[in-house]
Peer 1: 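Once you've had a glance at the structure underneath, I'll fire off some questions.
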Amino acid sequence: VYTNRLVALLSALHGTTHEQTLEVRYLAAQTMVFKADFPGAKTALDAADRDSGGLAEIKPAVGLAAAKAWGNYHLHRFEVSQAEEHFDKALKFQLMKDPTDAKSIFTINLNRVQIYKHTGRVKEALTLAEELQEAAQIDGCTELGVFWRIVLPLSKPILATMGLFY
């Protein structure tokens with residue numbers, strides 16, 4: 001119901017051609033991603049892809065909307081390689097649509113930076129955790145001791161955040 005209302009509202013504001021309706025549907029799905037409604041967003045994205053009939057590969061405006069929506073979907077689900085692929089497509093479509101729109105190009109590139117930032121931080125965290133675990137084991141800690149003294153204290157901020165939002 002929420003998705004249908006959102007699409008109807010955005011369609012009324014944006015236009016009524018098939019291409020414009022598809023852009024609106026991708027925009028609605030992207031809004032659901034930002035609201036963390038991943039199942040709803042996936043359903044909306046799949047439906048828009050089915051209804052596009054290949055327009056997303058031909059028309060830059062539709063392709064841009066689809067690539068940004070899918071890129072944000074994967075970025076927010078921490079699926080880095082898929083997000084990177086979609087944001088690369090989004091940049092290509094943006095340059096085809098309007099190469100002088102600096103704000104849109106900047107936004108797409110900012111999303112690409114977030115991907116690299118996330119990838120680097122995950123690698124750093126995993127490396128640090130492995131080094132601390134190895135050091136604790138060398139000092140004579142058991143697996144349970146490593147968990148209680150190293151892993152659990154480092155995980156408290158993550159667990160607290162998950163507890164607040166989920």
Side-chain angles (χ1 to χ4, degrees), residues 1-131 154-155 157-158 161-162 164-166:
V1 174
Y2 165 76
T3 307
N4 294 337
R5 288 181 186 165
L6 182 61
V7 170
L9 175 65
L10 291 172
S11 293
L13 295 173
H14 199 277
T16 55
T17 68
H18 183 58
E19 291 175 28
Q20 291 170 329
T21 303
L22 285 170
E23 287 180 62
V24 167
R25 290 177 68 187
Y26 284 118
L27 183 62
Q30 190 169 332
T31 302
M32 287 188 276
V33 167
F34 295 143
K35 295 280 187 184
D37 179 10
F38 298 119
K42 175 84 166 103
T43 303
L45 287 167
D46 286 337
D49 281 349
R50 273 193 312 277
D51 293 345
S52 73
L55 275 178
E57 299 300 321
I58 301 168
K59 300 290 185 175
V62 178
L64 175 63
K68 285 170 61 176
W70 276 110
N72 279 305
Y73 173 79
H74 290 298
L75 179 63
H76 285 80
R77 291 177 51 91
F78 304 108
E79 299 166 346
V80 176
S81 60
Q82 295 97 326
E84 183 177 15
E85 179 183 320
H86 287 290
F87 284 124
D88 287 344
K89 281 183 184 179
L91 186 59
K92 179 186 85 170
F93 283 122
Q94 179 60 48
L95 292 172
M96 287 169 53
K97 181 182 174 193
D98 183 7
T100 61
D101 186 0
K103 182 179 176 185
S104 294
I105 293 170
F106 176 77
T107 303
I108 293 167
N109 282 328
L110 187 61
N111 285 328
R112 294 170 76 201
V113 167
Q114 285 180 354
I115 292 169
Y116 295 119
K117 187 176 176 183
H118 172 70
T119 305
R121 289 222 170 133
V122 168
K123 287 179 184 176
E124 288 173 13
L126 291 175
T127 303
L128 178 63
E130 287 173 6
E131 290 174 359
L154 287 174
S155 302
I158 297 168
T161 303
M162 289 176 64
L164 284 172
F165 292 106
Y166 292 104

Peer 1: Roughly how far, to the nearest 0.5 Å, is the CH2 atom of Trp70 from the CD atom of Glu85?
Peer 2: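 Answer rounded to 0.5 Å: 11.5 Å.
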Peer 1: On a heavy-atom basis, which atom in Ala29 and which in Ala41 lie closest, and how many Å separate them?
Peer 2: O-CB, 3.7 Å
Peer 1: Could you state the interatomic distance from NZ (Lys68) to CZ (Phe87), rounded to the nearest 0.5 Å?
Peer 2: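 These two atoms lie 9.0 Å from each other.
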Peer 1: Does the side chain of Arg112 come within less than 4.5 Å of Leu91's, by heavy atoms?
Peer 2: yes
Peer 1: Consider side-chain contact (heavy atoms from CB on, under 4.5 Å). Of Val62, Leu64, Thr31, which one does Tyr26 pass it with?
Peer 2: Val62
Peer 1: Val33 vs Arg77, test: side-chain contact (heavy atoms from CB on, under 4.5 Å). Steps then yes/no.
Peer 2: CA-CA 9 Å; Val33 167; Arg77 291 177 51 91; over 6 Å; no
Peer 1: Starting at CD of Glu84, measure out to NE2 of His86 and round the result to the nearest 0.5 Å.
Peer 2: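 If we round to the nearest 0.5 Å, Glu84:CD and His86:NE2 are 11.5 Å apart.
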Peer 1: Give, for atom CD of Gln30 and atom CG of Asn72, the distance between the pair rounded to the nearest 0.5 Å.
Peer 2: 4.5 Å
Peer 1: Please report the shortest heavy-atom distance between Leu22 and Ser52, naming the atom on each side.
Peer 2: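 Reported closest heavy-atom pair: CD1-CA, 3.6 Å.
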Peer 1: Roughly how far, to the nearest 0.5 Å, is CG of Leu95 from OG1 of Thr100?
Peer 2: 10.5 Å
Peer 1: Looking at Lys89, Gln94, Lys103, which hits side-chain contact (heavy atoms from CB on, under 4.5 Å) with Ile108?
Peer 2: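 Passing option: Gln94.
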Peer 1: Salt bridge check, Asp46 against Lys42: does any charged N sit closer than 4.0 Å to a carboxylate O?
Peer 2: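 The answer is yes: the pair qualifies as a salt bridge.
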Peer 1: Kindly check if the number of other-residue, nucleotide or ligand heavy atoms within 6.0 Å of CZ (Phe106) is above 12?
Peer 2: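 No, the 6.0 Å shell around CZ holds no more than 12 heavy atoms from other groups.
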Peer 1: Between atom CG of Leu27 and atom CE of Met32, what is the distance when rounded to the nearest 0.5 Å?
Peer 2: 10.0 Å
